[in-house]
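In what follows, every chain begins at residue 1, and chains take the letters A, B, ... in the order their sequences are listed.
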Amino acid sequence: MSTNERITILMADDDPDDRLLLEDALEEVHLNNQFAFVEDGVELMDYLHRRGSFSDLKGTPLPGLILLDLNMPRKDGREALKEIKADPELRRIPIVILTTSKAEEDILRTYDLGANSFIVKPVTFDKLVDIVRQLTDYWFEIVRLPGDQPS
Amino acid sequence: MNRLKRLLLLEDNPDDALLIRELLQENYGSEITIDHAVSATEATQLAQQNQYDLFLVDYMLGEPPNGAEWITQTAKTITLPPIIMLTGLPDTQRVETIASTLSEVSYFVTKDHLRSGALIRAINFVQINQPTSNNIKGTILLADDDADDVMLVEDALLELKSQFRLDVVEDGVTMMDYLYRRESYSNLKGTPLPGLILLDLNMPRMDGRQVLSTIKNDPQLSRIPVVILSTSTAEQDVRDCYDLGANSFASKPATFDGLVTMMRSLTTYWFDLVTISRTQ
C-alpha cells in the first residue's frame, strides 16, 4: 500500500507520555507513515489551517487521518471536532476519537458531531499496539480514505 | 445459533410439500419436527396449539386467504416466528412485491430454487439471526438493491458464524421507513436501531447519497455509523461520501473470499474495536 505510506497521521493529545506511547505503538506496527503531533485544540486548528507556527506547511497535503483526544486545554477535542466537521475543506478527513472517557454522553455527542469512530484508550502498551494495528489496517487496507489534496 | 426444532409448513400442493419435507429430512434429519397444514384453517389451529420456531408459508393456497393474508391475520393473534414465504414460478414478481411489504417475512424462496439450496440457506440464516439475549452483538442494516450481493453478504456473515442480526432493505424509501419504524416497519417501534449501516450508493427510489445525507442530518439517526459499500472507484464519490458524513467508504470486493474478509474486518472494527452508541 505505498500510496498510503504518503499519508500523514495527525495526533492531538495534551499528554506527552500518551503521545510518546502512540508514536512507539505506530513504530511497533511498522508503519512508514509520517506522524505529526499537536498538543491541544488551538494547535490542531492552526495545523489544519496551515497558519501560525504551521504556515510553513502551506501547500502540503492535509493529514489523511486524525487521532483526537477529547480532554485538552485551551480548546478541547469536542470543540475542535465540531469546527473541523463544520469546515468544508476539512470535514472529510476521518477523525478517530482516542480518549480515556467512556462516558455515554461523550460517545453519543462525538458521533453526532461527525466523529468517524470512537475508541477508548487502553491501559496497557500491548493493547495500544493491538488497537493501532487494527486501526491502521482498517483505515489503510479495508476502507478507502478520501484523497489528499494540498491546502 | 438457535436450533430450529419445530416448524409449520402451510402448503396445499402435495408434491411441493413432499419435496420440502424430503429436503428438510435430508438436511436436518430428526432434529426438526414438521407440522404440515394443507389449509389456512388447519394452519391457524396448529399455530394456536403449538409453539413454532419457523413458518414456511406457500403464497398460493387452494382457496382464500392466500399465504400473505394468512400471515397478516395470524399476526393479530400470536407472536409470529420468522417466516419464509414460498411461491411457484409464474407468481414470482407479484409475490415478491407482496412479500417485501410484509416485514414479518424474513425470506422469500421460489419453488424452482428449492433444489438448489435456497430454502436450506434461508433456514440456516434464520437460525443464525435468531436473537438470543446472551450472544447477539448487534444488528447490521444492509441497504442494497442487488439480490445477489445481499445473498453474498448474508453468506459471508454465515461463514463467520457471526452473532449479528442482519436486516436488509432494498431501496432508500424502505430504508427510511425502517429507520423511522413506520409503515411496514411500525412493528419495530421501540426496538433498538441498528448498530451499523452498510449502504450501497446506487439504489432505486432514493439515491444512496440522499439517504446518507438524510441520516447524518437527523439527530435521531446521525450517531449510527454508516459504511458506504460501493462498486464505484471514483475519487469524487469517496470524497462526496465523507463530506456528507459517512463514517467510512469501502469498495465492494470482487470475490466472495474478499467479501468474507471485509465482513470480518468490518464487524470486528465496529463491534469489537470501536465503541458505538448503545442508547438508541
Q | Audit row: B/Tyr269, A/Leu135, side chain to side chain contact (heavy atoms under 4.5 Å, CB included) steps and yes/no | A | CA-CA 8 Å; B/Tyr269 183 83; A/Leu135 195 61; 3.8 Å; yes

(Q) With side chain to side chain contact (heavy atoms under 4.5 Å, CB included) as the criterion, how do B/Thr233 and A/Arg144 come out once you've worked through the C-alpha distance, each side chain's angles and the decisive distance to 0.1 Å? (A) CA-CA 10 Å; B/Thr233 48; A/Arg144 291 185 60 185; 4.0 Å; yes

Q: Kindly determine whether A/Glu104 and B/Ser277 satisfy side chain to side chain donor-acceptor pair (under 3.5 Å), including the steps that lead there.
A: CA-CA 7 Å; A/Glu104 188 60 41; B/Ser277 174; 3.3 Å; yes

Q) Which distance, rounded to the nearest 0.5 Å, do you find between the CZ of A/Phe118 and the CG of B/Leu273? A) 12.5 Å

Q) For A/Tyr138, is it the side chain, the backbone, both, or neither that has a heavy atom closer than 4.5 Å to a heavy atom of chain B? A) side chain

Q) At a heavy-atom separation under 4.5 Å, does B/Phe249 approach chain A through its side chain, its backbone, both, or neither? A) both

Q) Which atoms of B/Val227 come close to chain A, meaning under 4.5 Å heavy atom to heavy atom: side chain ones, backbone ones, both, or neither? A) side chain

Q) Quick one: does A/Pro94's side chain get under 4.5 Å of B/Tyr242's, heavy atoms only? A) yes

Q | Which of A/Ile95, A/Ile107, A/Ile97, A/Asp112 touches chain B most, by non-hydrogen pairs under 4.5 Å | A | A/Asp112

**Q.** Pairs of heavy atoms under 4.5 Å with chain A: top-ranked of B/Pro253, B/Ser251, B/Gly245
**A.** B/Ser251

Q: Determine yes or no for a side-chain-to-main-chain donor-acceptor pair under 3.5 angstrom, with A/Arg91 supplying the side chain and B/Leu244 the backbone.
A: no

Q. In terms of heavy-atom contacts, does NZ of B/Lys216 have more than 12 from other residues, nucleotides or ligands at under 6.0 Å?
A. yes

Q. Non-hydrogen atoms of chain A under 4.5 Å away: do they reach the side chain of B/Ser230, the backbone, both or neither?
A. neither

**Q.** For A/Trp139 against B/Asn247, the heavy-atom pair lying closest together
**A.** CH2-O, 3.1 Å

Q.
Distance check, rounded to the nearest 0.5 Å: A/Arg92 atom CZ versus B/Cys241 atom SG?
A. 11.5 Å

Q | Non-hydrogen side-chain atoms of B/Thr268 and A/Gln134 separated by less than 4.5 Å | A | yes

Q: Give a yes or no on this: more than 12 heavy atoms of other residues, nucleotides or ligands lie within 6.0 Å of atom CZ of A/Arg109.
A: no

Q. Counting only heavy atoms not in A/Gln34, do more than 12 fall under 6.0 Å of its CD?
A. no

Q: Apply the side-chain contact (heavy atoms from CB on, under 4.5 Å) test between B/Ser248 and each candidate in A/Ile142, A/Leu145, A/Val143; give the one that qualifies.
A: A/Val143

Q: Pick whichever of B/Val274, B/Asp243, B/Val226, B/Val238 has the most heavy-atom pairs under 4.5 Å with chain A.
A: B/Asp243

